[in-house]
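Below you'll find the structure, written out as structure tokens, and then a few comments.
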Amino acid sequence: MLAVLSTPRKLLRKAMAVAALMGLAACDPAMMTAPSGGSGPNVNTNAPIPVALLIPRSDSGAGAVAASLENAARLAVASLDGVQIDLRVYDTAGDAQRAAVQAETAVAEGAQIILGPLFGEAANAAGVAVADNGVNVLSFSNNPSIAGGNVFVLGPTFRNTANRLLGYASRQGRNSVVIVHPQNVEGEFGKAAIQAAATQNGVRVAAIESFPFSQEGVTSAVPRIQSAVSSTGADSLFLTSNAAGALPTLLQMLPEAGLNPETTQYMGLARWDVPTQILSMPGAQGGYFTLPDTAAKNAFDSRYRAQFGADPHPLAGLAFDGIAAIGALVRQGRSDALSARALTQNSGFQGANGVFRLRPDGTNERGLAVATVRNNQVTILDPAPSGFGGAGF
């Protein structure tokens, strides 16, 4: 057992390092207040549109992400046909107060919309700083608690993923689920997203099991999880953890404890294909998780590599998406292209990872594929939708 669990334990020990970047999700909701505003300035669609890009250039822990975001934004600007974007870059240093100052500076210097910042607190601060100017903020955060008013989050949300998976699972006859999450901010967000998606899709939440965010906490939770599934008759198990956290341990130990993936449908909020070791774990076999539109992502990655000679950071596509949305609206010739009304057009936009749209509440929806693991390989069960209104939404 100890040898088998060595990889899960190593991955779990990396969780705190990864959690630093997950700060774009893991901020205290009680500390955040969604700003009001967001009407957006009128623009001259025949002239260059001043866009401020707020990124943590000088943050030692996020500088590489910032560089990739800037590259992706410039790639998108160069891709626009007939639309001119005047991209102006401002360094937040990963600090909320500096982000607020930089947002105000950008608007004073003529920026008509803000793309970024990366982290939730910084995005919230930037939104508050420019709310009275009626300038919208397209943040790279995935934290729904900061969304609303003039702040939109471009990062993939747990609610979007949970809704896609439970919608698909319910169509396969699965109607009851046990939610498993760590006792931390990210875990609480994940639990809430799954609960909301379960209600939306008519799936019963049979039980909720949580555990302290530690190796001992995960291990001690396994018997409780097994008992919860057995005693409630739940046909599904929804894990919020990712590969850097408890996911490897759970996918290894839960089948050993008697939760057979052939009878209990495993599913997860995180991707299960990275790292590839996850694909060989017993609990991953037949499990459900989501992937972005493969064709769109491959096309973006290829263009990025051709231009910059390296792979994009996984978050880089968010900057591409922001520019793509702005460019699509300006191309329509709308003087209100940067208003909340325009940004939330129901038809959405084509982005680096497929179709997406911004919602009036400041969150987003993305076209996701439902994937599974068969013979240690990823198999697409339900492709990502190419538009809104069809299957998958």
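On a predicted model such as this, the values are computed, not experimentally measured, just so you know.
The distance from the CZ atom of R204 to the CG atom of N175 is 7.5 Å, given to the nearest 0.5 Å. A distance of 13.0 Å separates CG of L269 from NZ of K191, quoted to the nearest 0.5 Å. Rounding to the nearest 0.5 Å places CG of N260 at 11.5 Å from CD of Q285. Between atom OG of residue S236 and atom CG of residue L165 there is a gap of 10.5 Å, rounded to the nearest 0.5 Å. To the nearest 0.5 Å, atom OG1 of residue T219 and atom CE of residue M253 are 4.5 Å apart. Distance check: N136 CG to S339 OG gives 7.5 Å after rounding to the nearest 0.5 Å.
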(request) Run the numbers on N376 and M281 for side chain to side chain contact (heavy atoms under 4.5 Å, CB included), then give the verdict. (result) CA-CA 8 Å; N376 302 341; M281 292 184 170; over 6 Å; no
(message) Applying side chain to side chain contact (heavy atoms under 4.5 Å, CB included) to L368 and V370, what does each step give before you reach the verdict?
(response) CA-CA 7 Å; L368 300 171; V370 177; over 6 Å; no
(request) Starting from the C-alpha separation in whole Å, work towards a yes-or-no answer on salt bridge (charged side-chain N to carboxylate O under 4.0 Å, His left out) for R98 and D91. (result) CA-CA 8 Å; R98 183 165 178 178; D91 180 19; 3.8 Å; yes
(request) Take R271 and D273, measure what salt bridge (charged side-chain N to carboxylate O under 4.0 Å, His left out) needs, and give me the verdict at the end. (result) CA-CA 6 Å; R271 288 182 60 164; D273 59 327; 2.6 Å; yes
(request) Mind running side chain to side chain contact (heavy atoms under 4.5 Å, CB included) on L254 and T264 for me, showing each step along the way? (result) CA-CA 11 Å; L254 286 171; T264 299; over 6 Å; no
(message) Go through it in stages, so that I can follow the logic: the residues are L329 and Q345, the test is side chain to side chain contact (heavy atoms under 4.5 Å, CB included), and I'd like the CA-CA distance, side-chain angles, deciding distance and then a yes or no.
(response) CA-CA 9 Å; L329 293 169; Q345 66 175 18; 3.5 Å; yes
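Taking the side chain as every heavy atom from C-beta outward, R159 and T363 never approach each other to under 4.5 Å. Residues S145 and F189 are in side-chain contact: their nearest non-hydrogen atoms beyond the backbone lie under 4.5 Å apart. Side-chain contact between S141 and I146 is present, with at least one heavy-atom pair separated by less than 4.5 Å. Put simply, the side chain of T240 reaches to within 4.5 Å of the side chain of P182, judged on heavy atoms. When side chains are defined from C-beta on, N124 does not count as touching N143, because their heavy atoms never get closer than 4.5 Å. Side-chain contact check for S68 versus F308: every heavy-atom pair is 4.5 Å or farther apart. Between R374 and L381, the closest side-chain pair of non-hydrogen atoms falls below 4.5 Å. Looking only at side-chain heavy atoms (C-beta outward), R171 and L166 stay at 4.5 Å or farther from each other.
Counting heavy atoms of neighbouring residues, nucleotides and ligands inside a 6.0 Å radius, atom CD of Q172 exceeds 12 of them. In the displayed structure, N375 atom CG is contacted under 6.0 Å by at most 12 heavy atoms of other residues, nucleotides or ligands.
Looking at S210 and Q183, their side chains do bring a donor and an acceptor atom within 3.5 Å of each other. Checked by atom type, the side-chain pair T105/E109 shows no donor-acceptor distance below 3.5 Å.
Counting only residues at least two apart or on different chains, the ring pair (Phe, Tyr, Trp, His ring centres under 6.0 Å) pairs with a member in residues 272-296 are Y168-Y288, W272-F289.
No donor-acceptor pair under 3.5 Å is formed between the side chain of D86 and the backbone N or O of P48. S280 places a side-chain N or O within 3.5 Å of a backbone atom of Q277 that can act as its donor or acceptor partner. When atom types are taken as modelled, the side chain of D301 and the backbone of D311 share no donor-acceptor pair closer than 3.5 angstrom. For the pair R331 (side chain) and V83 (backbone), a donor-acceptor distance under 3.5 Å is absent. No donor-acceptor pair under 3.5 Å is formed between the side chain of N201 and the backbone N or O of V203. Of the possible polar contacts, one joining the T372 side chain to the G287 backbone as a donor-acceptor pair under 3.5 Å is found. Side-chain atoms of S302 do not come within 3.5 Å of backbone N or O of N298 as any donor-acceptor pair. A side-chain donor-acceptor contact under 3.5 Å links Y266 to the backbone of L259. Panel note: side chain N364, backbone G155; a donor-acceptor pair is recorded below 3.5 Å. Checking side-chain atoms of S220 against main-chain N and O of E216 turns up a donor-acceptor pair under 3.5 Å.
Grouping the Ile, Leu, Val, Met, Phe, Trp and Tyr side chains by contacts below 4.5 angstrom, directly or via other members, places V89 with L315. Hydrophobic clustering places L53 together with L80 (ILVMFWY residues linked when any side-chain heavy atoms are closer than 4.5 Å, directly or through intermediates). Cluster annotation: Y304 and I55 are assigned to distinct hydrophobic clusters (Ile/Leu/Val/Met/Phe/Trp/Tyr, side-chain heavy-atom contacts under 4.5 Å, transitive). V77 and L75 sit in two unconnected hydrophobic clusters of ILVMFWY residues. Membership requires side-chain heavy atoms under 4.5 Å apart, directly or through other members. Cluster membership check: I380 shares its hydrophobic cluster with L279, using side-chain heavy-atom separations under 4.5 Å among Ile, Leu, Val, Met, Phe, Trp and Tyr.
The only option from F320, F349, F152 that meets the ring pair (Phe, Tyr, Trp, His ring centres under 6.0 Å) definition with F356 turns out to be F349. In summary, of the residues considered (I114, I113, V135, V130), a side chain to side chain contact (heavy atoms under 4.5 Å, CB included) with N150 occurs for V130 alone.
Closest heavy-atom contact between A246 and S241: CB-OG, 3.6 Å. The shortest non-hydrogen separation linking A319 to L115 is O-CD2, 3.7 Å. When all heavy atoms of L247 and N242 are compared, the closest pair comes out as CB-O, 3.1 Å. When all heavy atoms of A93 and S58 are compared, the pair lying nearest together is CB-OG, 3.3 Å. In terms of heavy atoms, L54 sits closest to A99 at CD2-O, 3.7 Å. Residues D235 and G173 share a closest heavy-atom pair of OD2-O, 4.0 Å.
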